[in-house]
Enquirer: 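Got a structure for you, questions after.
Numbering of ligands and ligand atoms starts at 1, following listing order.
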Amino acid sequence: MKSQYPIAFAAALLTSAVSAQTFQRLGTCPTLGCVFPPDQADFLAGQFFDVRLEVHAPQNGSEAIGLPPDESFTFTIAKGDEEGVPAAEYFQIDEPKLENWTFSWFEDLFAKDAKTPSVVDVRAKAYRRVALYEAGEYTATLTYNNGSTTKATWLVRDLEEERKTKNIVLFIGDGMTTNMITAARLIGHKTINGKYQSKMQLDQFPVLGHQMTHSIDSFITDSANSASALYTGHKSTVNCLGVYADSSKDPFDDPKVETIAELFHRLTGGHVGIVSTAYIADATPAALTAHTRDRSQYPHVIDSFLNGNTNYTWTNWTGPDVLFGGGAENFYPSALGGETYKDRDYYLEFADKGYQVIWNKTALDAASTSERALGIFTVSNMAKWLDRNVYKTNLNQSLSPSGDETPALDQPGLKEMTLKALEILHERSGDKGFFLMSEAASIDKMMHVLDYDRALGELLELDDTVKATINQLKEWGCDKETLVLVTADHGHGFDVMGSVDTAYLAAQNVDRKKRSAVGTYQNSGLSQYINTGNLTYTDSNFPSNWDPRYTLFQGLMADPDRRETWTVRKHGPREPAVETEEDSDDYVVNPEDGEGGILLNGTLPVSNDQGVHSLTDVPVFAVGPCQEKFGGVYSSIDIFFGMAECFGLARGKAE
Ligand SMILES: *[C@@H]1O[C@H](CO)[C@@H](O)[C@H](O)[C@H]1NC(C)=O
Ligand SMILES: *[C@@H]1O[C@H](CO)[C@@H](O)[C@H](O)[C@H]1NC(C)=O
Ligand SMILES: *[C@@H]1O[C@H](CO)[C@@H](O)[C@H](O)[C@H]1NC(C)=O
Ligand SMILES: *[C@@H]1O[C@H](CO)[C@@H](O)[C@H](O)[C@H]1NC(C)=O
Ligand SMILES: *[C@@H]1O[C@H](CO)[C@@H](O)[C@H](O)[C@H]1NC(C)=O
Ligand SMILES: *[C@@H]1O[C@H](CO)[C@@H](O)[C@H](O)[C@H]1NC(C)=O
Ligand SMILES: *[C@@H]1O[C@H](CO)[C@@H](O)[C@H](O)[C@H]1NC(C)=O
Ligand SMILES: *[C@@H]1O[C@H](CO)[C@@H](O)[C@H](O)[C@H]1NC(C)=O
Ligand SMILES: *[C@@H]1O[C@H](CO)[C@@H](O)[C@H](O)[C@H]1NC(C)=O
Ligand SMILES: [Zn+2]
């Protein structure tokens, strides 16, 4: 690519990089003086947060100033038109100590190829665990370098303080888009002459909203910062859990923001449940209690579920009532091949705090509903619906949650975990109420590996779980006091464009002829997944035939090299691309996929072995008290403010 451009043009690219598109010195800080939370941040009255200030002195690169950073910067807070007050005085805390560090970054791809990072010298301060209690606009002003200023306008939203719902159940279909719901409906529900004969549970919600998912400093999000936005009302940077990203190396010193789980527990004593089909240290569950700039700090995440934040005094978190999912490797110590915080046995840590420790579906079914429960059912991500129900021999892998390398054959699904979680929370929370987050994690994980069938199976399982939840709440008479939300954290560029005659495709040898197997418009025909009326697996709406001759012509917009046959993978989740040799960062079509189907070259950089997230807005479904707050088009952070307002958590006074 370099050689296509004249030298002058390449040089222009280099200098314009300072205004940072792809490579940024620090995402939310375009100037040399940084305030976190940054400009435009919204807060819940009384929500704890940390303030981080940084003053940067680039030592080289296009911004080099050749001076040490200013150490006498000042910081004030002003409410409305009032005079600014020094922050320590405003928050009534001691002036924090001055910190220093350096960090380096690449200005663009050319600098990266040439391995010439630019170094920045930093002076910083952190005001820990502060809050703003009065609604209105505030101006936070950092003054540095002899009179330069960075101003952040902060808004404490004016919300109703009255509690409108006793409980909230928040379902997150990780990576779930409207297109995926439409495809799942097509394979799970029958039509006659264009009319669906049954509806998904999601199709029956009275209120539908539409949320914008982007990160604070990039328009594509990952699941860490998108979950943080949903839970804290603060957008953040890729890989961040409940913090804004500062420039220091320590992944635990970044400025934190309090989450809905922490607030609900601290202010009302309400009970919290966390359920996911991922390894439980994964981003979507982790963002409820962990505060780190690096989502891959799994041992720390597991400790945070039990003990709250480990570094700084934060909240009076005392652990969830329910924690169900996979990821056993972060519970048993290194002697068994695990990786845990301080090499402790977290099964014992949880048991010592009164948790029932559960390792399989049989024990889950039998568990007491009056005691707290930790249920960890496998190493890594949980088995997919399709493997638990249809291709069961795929469960025969060395994934036992005990760490003894036997198979984890008796795994529950999202529905069994969620219903048990509801029973425990219902019984234990009494009149304090509960907050349950339940994540269908593998919609995302299976879309990443282009395993569309497994992804849609997970989505149908989510729908089935939502249906069972609503029925259970009605049975208890709790539906009028429980807000049920179903949303996603981001999407993938997935859609269905027609059908594929897999028999015809398999019979072709000439590449260009293979494409005739695709049927578009009138040749797309009708869904072949549901028409036997033979629901062997469950009484709900799942396909009776996952392997019809005419399948869906489906795919993503962003892929690695892959071989498409558009047939269900019977031997377990798909692995579309593999590395040519170890550490080469060069991924090609998985040779195990043979010679059938169509070889399609990827669109992503060759270092990708999977698809990636996309820009699309995602749907929000709401039913229950307060449902009306979730209609319309809004930002992901409004989910937090909506939930916090329904729970009556906006507290206009100091504790
Ligand atoms: C940086 O901080 C360390 C302590 O963390 C201190 O010893 C050192 O003097 C500081 N350096 C500068 C240049 O302020
Ligand atoms: C930038 O500065 C650092 C330290 O001052 C130095 O180690 C590094 O070599 C410099 N890089 C370039 C590209 O000049
Ligand atoms: C600030 O002013 C002092 C005194 O004039 C000077 O020494 C220093 O270099 C200035 N700093 C910056 C960042 O401009
Ligand atoms: C947390 O502390 C607040 C007061 O600071 C109290 O009202 C609340 O009940 C406590 N929650 C728990 C679970 O201890
Ligand atoms: C914060 O906690 C982590 C793990 O809990 C630890 O590794 C790290 O050193 C701590 N950082 C500070 C600044 O205390
Ligand atoms: C389930 O776990 C219990 C221990 O909690 C164990 O005794 C039992 O054998 C397990 N059952 C299956 C089917 O794995
Ligand atoms: C599970 O796999 C092992 C080896 O991979 C094999 O020996 C065993 O027969 C399998 N068990 C079942 C029930 O398929
Ligand atoms: C129903 O589905 C099962 C499982 O795929 C299959 O074995 C059986 O033959 C089917 N029955 C009919 C009537 O289609
Ligand atoms: C297309 O994919 C094949 C298999 O992964 C790979 O060997 C080949 O280099 C790719 N071609 C291009 C242009 O990327
Ligand atoms: Zn993802």
Enquirer: Checking salt bridge (Lys or Arg N to Asp or Glu O under 4.0 Å) for the pair K445/E458: CA distance, chi angles, key distance, verdict?
Expert: CA-CA 10 Å; K445 297 192 188 298; E458 298 300 295; over 6 Å; no
Enquirer: Rounded to the nearest 0.5 Å, what separation is found between the OH atom of Y452 and the CE atom of M180?
Expert: 10.5 Å
Enquirer: Could you tell me, atom by atom, which parts of ligand 3 come under 4.0 Å of a heavy atom of N145?
Expert: 13 (C)
Enquirer: Which protein residues have a heavy atom closer than 4.0 Å to any atom of ligand 9, listed by chain and number?
Expert: D561, V588, V589, N601
Enquirer: Taking all atoms of both residues into account, what is the closest heavy-atom pair of A152 and V35, and its distance?
Expert: CB-CG1, 4.2 Å
Enquirer: Checking salt bridge (Lys or Arg N to Asp or Glu O under 4.0 Å) for the pair D451/R569: CA distance, chi angles, key distance, verdict?
Expert: CA-CA 8 Å; D451 197 327; R569 304 277 160 154; over 6 Å; no
Enquirer: Measure the acute angle between the ring planes of H492 and H613, then classify it against the limits of 30° and 60° as parallel, tilted or perpendicular.
Expert: perpendicular
Enquirer: So do the side chains of E339 and N330 get within less than 4.5 Å of each other, counting heavy atoms only?
Expert: yes
Enquirer: Would you mind telling me which of D174, D617, N225 makes a side-chain hydrogen bond (donor to acceptor under 3.5 Å, both in side chains) with H490?
Expert: D174
Enquirer: Has H613 got an N, O or S atom lying less than 2.8 Å from the Zn ion (ligand 10)?
Expert: yes
Enquirer: When you measure from the side chain of Q59 to the backbone N and O of A57, does any donor-acceptor pair fall under 3.5 Å?
Expert: yes
Enquirer: From the Zn ion (ligand 10) out to just under 2.8 Å, does an N/O/S atom of H490 turn up?
Expert: no
Enquirer: Is the Zn ion (ligand 10) less than 2.8 Å from an N/O/S atom of D444, whether that atom is in the backbone or a side chain?
Expert: yes
Enquirer: Using a 4.0 Å heavy-atom cut-off, say whether L67 meets ligand 3 through its side chain, its backbone, both or neither.
Expert: side chain
